[in-house]
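Quick caveat, the model's predicted, so the values are computed rather than measured. For reference, positions follow the sequence shown, starting with 1.
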Amino acid sequence: MKIDQPIPVTILTGFLGAGKSTLLNELLASEDFADTAVIINEFGDISIDHDLVRVNKRELMVTTTGCLCCTAGSDIRSSLYELYDALEDRAVPPFKRVIVETTGLADPAPIINQITPGGLPAVGFRDHVVARCFRLSGVVCAIDVSTIEETMERHFECMKQVAFADIVVLTKTDIAAGAAAAADLSGLLPKIQQINAAAAIVDRHGTNFDLGSLFAPRRYVPSEQGADVEGWLALEQALAQQGQTHNNASGKSRHAATGIQSLALLESRPVSERNLATFIDLLKVVGGPQLLRLKGLVGLEDDPERPLVVHGVQHAIHQYRLQAWPSDDRRTRMVVIAHGLDEAVVRNLFAAITGISLRAKAQLVLTIAGLSLLGAALVAGLLLTLHDHATAQFQSTPAIQNPTNHKR
């Protein structure tokens, strides 16, 4: 199939847990966005979001692991060329638009530089094809109003995501209510506008919210987003021309170099509900503010055919059950994204809760005892003691919900 006009590409960004996949799911449920191709980028070695974003037969999904902003093998040009190749071979139906959901840790600058005129130069046939067949149409940034201020202070990528957006979507405004919440929101808006005066700011739960308009084709010009954006793009260009990338000399990504890592936890056997609750409680204790994100699909012993979806954003943990496994992969798969957290501690905790032996519990005690924070060890030890004598702090029979209506 010949592409006569460049296909519009919208980047959907936002920090970990901001609600990007929720917006994307609701969008793809609309008939108006039937002819949509989706690129989902996940930070880590295993994919979970591709099972949680519902793409029908009419749509095409490409998933990549390794952050788009710092992994050469998973860059945006490669993913767009994969879509082009499938379209040329008539392996997929024609699509009118592309939506790229980035990992929550992605720096927008190197991604945008790859698909805007005057950004990174084309160095091969693939790059020329992408430049001819696709154009950046917009950047949508979802921000969780309950955590955005603290997140921007701690994570520079979050502030840059806001700065590059031409539309900012306020999410989770329905959770907070009342005069205090309104005051907090009125104080937040000037801070967003100070970072990005050009962006339109919309409330996901406002009365006039139009989801489709966020992804409608439009004109996106990075230079109109402000001097900071131009400076960051110029810096990326200079680094690229010098042969440097976001990966350091050891091959680690920029995020790993600053202590942020993704841990993949896998288990083929169903997991005890009480053990899972214990693992999450212990992880929250030993991780504290270092725990940025927890997400996973879990097969529970009480009903292995209905997986539990677990979403954790810092201290808040949410869970709901699906009607059935979304793919043939029925393993328990969890991803922990943390800053400076000892990988061995997390893996030992998970290994302990997936077994039932006294030896496994002894391993857990030794893991907790080895932590440098005495307070964490005491609390974790208490949780372990209560494990066999009390009901875990998890819903005993999680309700089956339609994930379309679940807020992430």
Side-chain angles (χ1 to χ4, degrees), residues 3 5-15 18-28 30 32-41 53 59-62 68-69 75-77 79-80 83-84 95-104 106-120 130-143 157-171 192-193 195-204 206 208-226 228-230 232-233 236:
I3 300 178
Q5 297 292 330
I7 298 173
V9 178
T10 304
I11 295 176
L12 174 58
T13 187
F15 204 72
K20 299 183 295 296
S21 294
T22 298
L23 291 173
L24 187 55
N25 267 327
E26 294 179 6
L27 186 82
L28 296 180
S30 169
D32 293 337
F33 283 79
D35 301 322
T36 302
V38 179
I39 297 173
I40 294 182
N41 178 227
V53 173
E59 293 134 358
L60 173 68
M61 177 187 291
V62 173
L68 281 175
C69 77
D75 64 14
I76 188 65
R77 287 176 174 173
S79 297
L80 289 173
L83 290 176
Y84 161 82
F95 52 86
K96 296 180 180 178
R97 66 192 65 82
V98 179
I99 298 176
V100 181
E101 181 191 353
T102 72
T103 172
D107 181 340
I111 300 173
I112 290 175
N113 255 343
Q114 292 187 54
I115 51 175
T116 53
L120 297 183
V130 170
R132 175 175 59 85
C133 296
F134 299 93
R135 67 175 178 86
L136 180 59
S137 174
V139 178
V140 177
C141 178
I143 65 171
E157 295 92 345
C158 178
M159 192 269 287
K160 291 181 74 173
Q161 290 166 0
V162 174
F164 274 88
D166 63 335
I167 299 179
V168 172
V169 185
L170 308 179
T171 66
I192 296 175
Q193 292 168 338
I195 297 171
N196 186 343
I201 303 175
V202 298
D203 184 347
R204 169 66 187 87
N208 297 320
F209 179 74
D210 181 5
L211 178 60
S213 66
L214 304 183
F215 301 92
R218 54 189 182 269
R219 177 176 171 269
Y220 181 88
V221 181
S223 61
E224 295 181 357
Q225 299 303 119
D228 287 340
V229 166
E230 287 189 284
W232 288 324
L233 291 175
E236 293 295 331

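- Rounded to the nearest 0.5 angstrom, Cys133 SG and Leu83 CG are separated by 11.0 Å.
- A heavy-atom distance below 4.5 Å is found between the side chains of Leu24 and Leu28.
- Taken from NZ in Lys96 to OG1 in Thr36, the straight-line distance is 9.5 Å, to the nearest 0.5 Å.
- For Ala163, the side-chain contact (heavy atoms from CB on, under 4.5 Å) criterion is met by Ile195, Val229, Trp232, not counting sequence neighbours.
- Note: Leu136 CG to Thr116 OG1 = 7.0 Å, rounded to the nearest 0.5 Å.
- Residues forming a side-chain hydrogen bond (donor to acceptor under 3.5 Å, both in side chains) with Thr10 (at least two apart in sequence, or on another chain): none.
- Residues passing the side-chain contact (heavy atoms from CB on, under 4.5 Å) test with Ala216, sequence neighbours excluded: none.
- When side chains are defined from C-beta on, Asp228 does not count as touching Phe164, because their heavy atoms never get closer than 4.5 Å.
- Contact check for Ile11 versus Ile115: side-chain heavy atoms found under the 4.5 Å cut-off.
- Under the 30°/60° scheme for interplanar angles, the aromatic rings of Phe134 and Phe95 are found to lie parallel.
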Problem - CA sep, side-chain torsions, deciding dist, call: Arg204, Thr171, side-chain hydrogen bond (donor to acceptor under 3.5 Å, both in side chains) - result: CA-CA 5 Å; Arg204 169 66 187 87; Thr171 66; over 6 Å; no
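- Taking every heavy atom of both residues into account, Thr13 and Gln161 meet most closely at OG1-CG, 3.4 Å.
- Among residues two or more places apart in sequence or in another chain, the side-chain contact (heavy atoms from CB on, under 4.5 Å) test is passed with Ser223 by Val221, Glu230.
- Scored by the salt bridge (charged side-chain N to carboxylate O under 4.0 Å, His left out) test, Arg77 finds Asp127 as partners (sequence neighbours excluded).
- Evaluation of the side-chain hydrogen bond (donor to acceptor under 3.5 Å, both in side chains) rule for Glu224 yields Arg219 as partners, not counting sequence neighbours.
- Annotation: side chain of Phe209 is in contact with side chain of Val202 (closest heavy-atom distance under 4.5 Å).
- The CG atom of Asn208 sits 10.5 Å away from the OG atom of Ser213 when rounded to the nearest 0.5 Å.
- Residues forming a side-chain hydrogen bond (donor to acceptor under 3.5 Å, both in side chains) with Arg135 (at least two apart in sequence, or on another chain): none.
- For Asp203, the side-chain contact (heavy atoms from CB on, under 4.5 Å) test picks out Thr173, His205, with sequence neighbours left out.
- Every residue two or more places apart in sequence or in another chain that forms a side-chain hydrogen bond (donor to acceptor under 3.5 Å, both in side chains) with Arg218 is listed here: Asp166.
- Test Val162, Ile143, Ile192 against Ile201 for side-chain contact (heavy atoms from CB on, under 4.5 Å) and you get one pass: Ile192.
- No donor-acceptor distance shorter than 3.5 angstrom exists from the side chain of Gln225 to the backbone of Asn196, with no hydrogens or angles considered.
- With rounding to the nearest 0.5 angstrom, the OG atom of Ser137 is 10.0 Å from the CD1 atom of Ile99.
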